[in-house]
Amino acid sequence: MGESMQGMKRTHRCTEVSNQNIGEKITVMGWVQKRRNLGSLIFIDLRDRSGILQIVFDENTVGTAGFEKAGTLRSEFVIAIEGQVVKRSGAVNENLATGEIEIIAESIRILSESETPPFPIEEDSQTKDELRLKHRYLDLRRPDIQRNLIMRSKVTMLTRAFMEQEGFLEIETPILCRSTPEGARDYLVPSRVHPGNFYALPQSPQIYKQLLMCSGYDRYFQVAKCFRDEDLRADRQPEFTQLDMELSFVDVDDVIDVNERLLQYVFKEAIGVDVALPLTRMPWQEAMDRFGSDKPDTRFGMELVDVSAVVKGCEFAVFAGALENGGSVRGINAKGQGAMPRKKIDKLVEFAKGYGAKGLAYICINEDGTLKSSFAKFMSEAELAELVKAMDGASGDLLLFAADKNKVVWDVLGALRLELAKQLELLDPNQYNFLWVTEFPLLEWSEEDERFYAMHHPFTMPMEEDWAKIDSDPGAVRAKAYDIVLNGTELGGGSVRIHQNDIQERMFEALGFTKEAAYEQFGFLLDAFKYGVPPHAGLAYGLDRMVMLMMHSDSIREVMAFPKVKDASCLMSKAPNQVDGKQLEELGIAVAEL
RNA sequence: GGCCCAAUGGCUCAGUUGGUUAGAGCGCCGCCCUGUCACGGCGGAGGUCGCGGGUUCGAGUCCCGCUUGGGUCGCCA
């Protein structure tokens, strides 16, 4: 049973009380973090979202009834305390912001009692995710999660302030949309009024924001909820939030300029990190060649080296075979790892196989300069020496090679490079390396479907220099697309959009769309483009990932209030759930027997 | 869909080559305690070892299947 708070008014949050308030009578309300009952003196650590404040109960001050009440307090009781702020007569607690003061309680009300929580409400919880998420409302009381959500709020507020300053309008776009099957799977919502018809939840506000450009709202942004029905990862949830923007009468440099200043502002104001501008830009091809990734982590080296020319003509069938099939042989140099035990190297080989490699070739350069290699017997000493030289190999180094189609080689070495960096602790969490990756390929060939897919989306503008190749060599066309990468994570991405009918038609053609099919899916956008469309471009950030990186979290779940687990269900609410037969009937839906 | 990891009192964990009544810390409950803040002291309760099957004289421990959670590949324009 809880008491009423009528007649009381909270004057401060716990850590809003400071030495300045000594002598004042104040009222604080919050949760009991901890009780220390010394018999005729009781201490309570009172907690709210701001932090902790010590309350002292002495029968002489709080009265007999109040003191008895204080004796019944347990973890997570919600209480209201009226009392005087005093300098502590006992020792100062250096660990608390309010460590020099305490409140001498003059009255206490128990606003709500609490059962013993199923896990401790404390920082750095070791509790399993499953239990935390089942009782997320308790998990959210923990200071580290509170800090994350407070930071998230700060980042959106700062973004809004900056965008406002830059002349952007915040405009909301629909959640109930038309399904467009390109790209990720849609979450579908049945229509009651139109049985058999479905809305889709937006994967992003892409088309709407382009329409807003057509309508003249020349700078738009939105904190946009997006939905994708794909498998989850540590950095992927089925619903997530984008900081989404679109601008008219701009080209690549304009978008990059305003976003660099946004990032500089937000990172400075939110976490005090200075971002030096301009940020490095790197064409996609260079990113792949040097790092084997379109989102390179540039906090460490260990760059890929193409040794195809060096090993050309060697006897090693794996290398020769890869080159014959149009692939390449590339390596990375793990400096100083030449003495890595065989078992550990075997683990790296297994790791590589997980990324499609058939194997991994290696050379250990011993301290005395001799070589230990998985393929030395297939090569002459001169060939090996040349290979080591090409890899800048020195005594004590470990050289790892992958040979396959380029895509496989990049994937394998890109992943291996990151794995080694993790193992060797080369990643400084307090270093923030931003990078623009530009000039992405416009199209990506799907072996499975034997057609091109848009790498970004079908409205991405090809680079002017490559327009001529759209029909003759579509795979070689580069796009005016850009990703912003932070420490190896894709923070955001965007592109200049096509605003000319003829280019758009050639794009659809390259994608294998008939005019009818294109109209079927995107008719309203193409119609809008008939009536005067400004050149426009945009970008969207993954807000969750941004805050995750700022807070050094391992997962975006830590920066979202109510995340879902691996199979996209919610352990707390038990969503998704089966629905009433009546609801289904109304929607004209029959569920197949499972 | 594939691969890898985990599951033992409320929480976090230990548990040897399979061997008696499965332990610890924290938490919880009771009593005592006026300066604690990892309060202290004394006492106490609490476990079908995730589920099902198998091997064995005997399974927390070995084997198989499943469930749940995590990581990852595929997937994510």
Side-chain angles (χ1 to χ4, degrees), chain A residues 33-46 52-61 67 71 74-76 86 88-96 98-99 102 104 115-122 124-135 138 180-186 203-204 206-207 226-238 240 347 350-357 411-412 415 418-419 440-444 446 448-449 451-460 479 481 490 493 495 507 511 521-522 542 554-555 557 564-567 569 571:
Chain A
Q33 176 69 31
K34 193 99 185 167
R35 83 195 129 95
R36 290 179 291 278
N37 187 338
L38 273 61
S40 40
L41 198 59
I42 298 171
F43 296 93
I44 292 291
D45 287 342
L46 188 71
I52 282 183
L53 178 64
Q54 176 165 280
I55 316 289
V56 193
F57 296 91
D58 186 323
E59 194 167 355
N60 299 322
T61 323
F67 191 77
R74 293 294 183 272
S75 286
E76 302 308 311
V86 299
R88 290 194 181 191
S89 47
V92 165
N93 186 340
E94 309 272 353
N95 300 320
L96 293 183
T98 56
E102 64 192 1
I104 307 281
E115 293 181 14
T116 304
F119 56 87
I121 312 296
E122 62 188 19
D124 297 324
S125 168
Q126 301 298 310
T127 309
K128 291 184 180 68
D129 288 358
E130 189 177 355
L131 192 67
R132 289 174 52 200
L133 290 175
K134 194 173 167 190
H135 304 277
L138 296 179
T180 52
E182 291 259 320
R185 292 185 185 88
D186 284 328
Q203 296 176 24
S204 84
Q206 184 60 36
I207 292 177
C226 302
F227 307 85
R228 293 179 189 174
D229 186 4
E230 296 293 346
D231 286 354
L232 280 68
R233 288 286 188 284
D235 62 352
R236 264 163 40 189
Q237 283 271 313
F240 59 100
K347 273 202 171 161
E350 284 311 305
F351 178 85
K353 283 179 178 169
Y355 287 82
D411 279 356
V412 167
L418 285 178
E419 175 64 19
F440 277 77
L442 183 68
L443 304 166
E444 204 173 16
S446 163
E448 197 182 328
D449 299 343
R451 57 162 278 204
F452 280 108
Y453 278 95
M455 195 152 178
H456 195 52
H457 60 65
F459 315 109
T460 304
E490 181 193 332
S495 64
M507 178 73 174
L511 289 170
Q521 275 196 42
F522 309 111
D554 298 327
S555 161
R557 283 191 300 259
K564 297 189 168 52
V565 296
K566 187 176 173 160
D567 69 353
S569 63
L571 293 179

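Computation of the quantities below employed the complete heavy-atom set of this structure, encompassing side-chain atoms and omitting hydrogens, waters and symmetry-equivalent molecules. Below, read A as the first sequence line, B as the second, and so on, with proteins coming before strands; counting in each chain starts at 1.
For A:Ser89, the side-chain atoms get nearest to B:G35 when compared with the rest of B:A77, B:U36, B:G35. Minimum atom distance to the side chain of A:Ser40 is reached by B:U34, of the listed B:C75, B:U34, B:U72. Candidate nucleotides B:C37, B:G69, B:G71 were compared by shortest atom distance to the side chain of A:Lys566, and B:G71 ranks first. Which of B:C37, B:U72, B:A38 sits closest to the side chain of A:Ala234 comes down to B:U72. When the nucleotides B:G35, B:C76, B:C28 are ranked by their closest atom to the side chain of A:Glu230, B:C76 comes out on top. Of the candidate nucleotides B:C37, B:C33, B:G35, B:C37 has the atom nearest to the side chain of A:Asp45. Of the candidates B:A77, B:G30, B:C75, B:G30 carries the atom nearest the A:Arg74 side chain, counting heavy atoms from C-beta on. Of all nucleotides listed (B:A77, B:C75, B:G69), B:G69 comes nearest to the side chain of A:Asp129.
When heavy atoms are screened at a 4.0 angstrom cut-off, A:Leu571 is found touching the sugar-phosphate backbone but no base atom. Backbone-only engagement by A:Arg557 is indicated by non-hydrogen atom pairs under 4.0 Å involving sugar-phosphate atoms exclusively. Residue-level contact check: A:Glu102 touches the bases, meaning some heavy atom is under 4.0 Å from a base atom. Among the heavy atoms of the strands lying under 4.0 Å from A:Asn37 is at least one base atom, whether or not backbone atoms are also near.
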Protein-to-nucleotide contact annotation, 5' to 3' order, nucleotides 44-52 of chain B [B base; S sugar-phosphate only; - none; under 4.0 Å, heavy atom]: ---------
Reading nucleotides 6-12 of chain B from 5' to 3' and marking B where a protein heavy atom lies under 4.0 Å of the base, S where only the sugar-phosphate is that close, and - otherwise, the string is --S-SSS
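Screening A:Gln33, A:Lys34, A:Arg36 against A:Gln54 for a side-chain hydrogen bond (donor to acceptor under 3.5 Å, both in side chains) leaves a single residue, A:Arg36.
The side chain of A:Lys34 places no N or O atom within less than 4.0 Å of a non-bridging phosphate oxygen (OP1 or OP2) of B:U36. In terms of phosphate contacts, A:Arg233 brings no side-chain nitrogen or oxygen within less than 4.0 Å of OP1 or OP2 of B:C75. One finds a side-chain N or O of A:Arg36 lying less than 4.0 angstrom from the OP1 or OP2 phosphate oxygen of B:C39. When the side-chain nitrogen and oxygen atoms of A:Arg35 are compared with OP1 and OP2 of B:C28, one or more of them lie within a distance under 4.0 Å. One finds no side-chain N or O of A:Tyr453 lying less than 4.0 angstrom from the OP1 or OP2 phosphate oxygen of B:A77.
No side-chain donor-acceptor contact under 3.5 Å links A:Arg35 to the backbone of A:Ile42. Judged by distance alone, the side chain of A:Glu94 and the main-chain N or O of A:Val92 form no donor-acceptor pair under 3.5 Å. Checking side-chain atoms of A:Ser125 against main-chain N and O of A:Glu122 turns up no donor-acceptor pair under 3.5 Å.
Comparing the C1' positions of B:A14 and B:A7 gives an interatomic distance of 15 Å, to the nearest angstrom. Across the P atoms, B:G44 and B:C5 are found 42 Å apart, a figure rounded to whole Å. Going from the P atom of B:C13 to that of B:U8 covers 9 Å, rounded to whole Å. Between B:G54 and B:U61, the two C1' atoms lie 15 Å apart (nearest whole Å). B:U16 and B:G23 have their P atoms separated by 14 Å, with the value rounded to a whole Å. Straight-line distance between the P atoms of B:C57 and B:G46: roughly 35 Å, to the nearest whole Å. Taking atom P in both B:G40 and B:G10, the straight-line distance is 24 Å, to the nearest Å. The gap from the C1' atom of B:U20 to that of B:C37 amounts to 45 Å, rounded to the nearest Å.
Shown here, B:G30 forms a base pair with B:C42; the pair counts as Watson-Crick or G-U wobble because both key distances fall under 3.5 Å. Base pairing of B:A6 is made with B:U68, judged by Watson-Crick or G-U wobble geometry with both donor-acceptor distances under 3.5 Å. When both distances must be under 3.5 Å, the Watson-Crick or G-U wobble mate of B:A14 does not exist.
Protein atom CD of A:Glu419 is 12 Å distant from nucleotide atom C1' of B:G71, rounded to whole Å. As a whole-Å value, the separation of A:Phe522 CZ from B:A77 P is 13 Å. Protein atom CD1 of A:Ile121 is 19 Å distant from nucleotide atom P of B:A38, rounded to whole Å. A:Asn93 places its CG atom 9 Å from the P atom of B:C37, with the value rounded to the nearest Å. The distance from atom CZ of A:Phe43 to atom P of B:C37 is 9 Å, rounded to the nearest whole Å. Rounded to whole angstrom, the span from the CG atom of A:Leu53 across to the P atom of B:C37 amounts to 18 Å. Rounded to an integer number of Å, the gap from A:Ile42 CD1 to B:C32 P is 12 Å. Across the protein-nucleic acid pair, A:Glu122 atom CD and B:C37 atom C1' stand 15 Å apart, rounded to whole Å.
In this structure, A:Arg236 does not pair ionically with A:Asp231, as no charged nitrogen and carboxylate oxygen lie closer than 4.0 Å. Of the charged side-chain nitrogens involved, none lies within less than 4.0 Å of a carboxylate oxygen, so that A:Asp186 and A:Arg228 do not count as a salt-bridged pair. Ion pairing between A:Lys347 and A:Glu350 fails under the 4.0 Å rule for side-chain N and carboxylate O.
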Checking salt bridge (charged side-chain N to carboxylate O under 4.0 Å, His left out) for the pair A:Asp129/A:Arg557: CA distance, chi angles, key distance, verdict? CA-CA 10 Å; A:Asp129 288 358; A:Arg557 283 191 300 259; 3.6 Å; yes
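Here the closest non-hydrogen pair linking A:Ala454 and A:Leu443 is CA-CD2, 4.1 Å. When all heavy atoms of A:Gln203 and A:Thr180 are compared, the closest pair comes out as NE2-O, 4.4 Å.
On a pure distance criterion of 3.5 Å, no polar donor-acceptor pair joins the side chain of A:Arg228 and the base of B:C76.
Both the sub-6.0 Å distance and the 45° axial angle are satisfied by A:Arg451 relative to the ring of A:Tyr453.
Side-chain contact between A:Phe43 and A:Asp45 is absent, with no heavy-atom pair separated by less than 4.5 Å.
Comparing A:Glu130 and A:Ala184 along RNA chain B, the residue whose closest nucleotide (by nearest heavy atom) sits nearer the 5' end is A:Glu130. The residue among A:Asn60 and A:Ala454 whose nearest nucleotide of RNA chain B lies closer to the 5′ end is A:Asn60.
Between A:Phe240 and A:Phe227, a ring centre-to-centre spacing not shorter than 6.0 Å is recorded.
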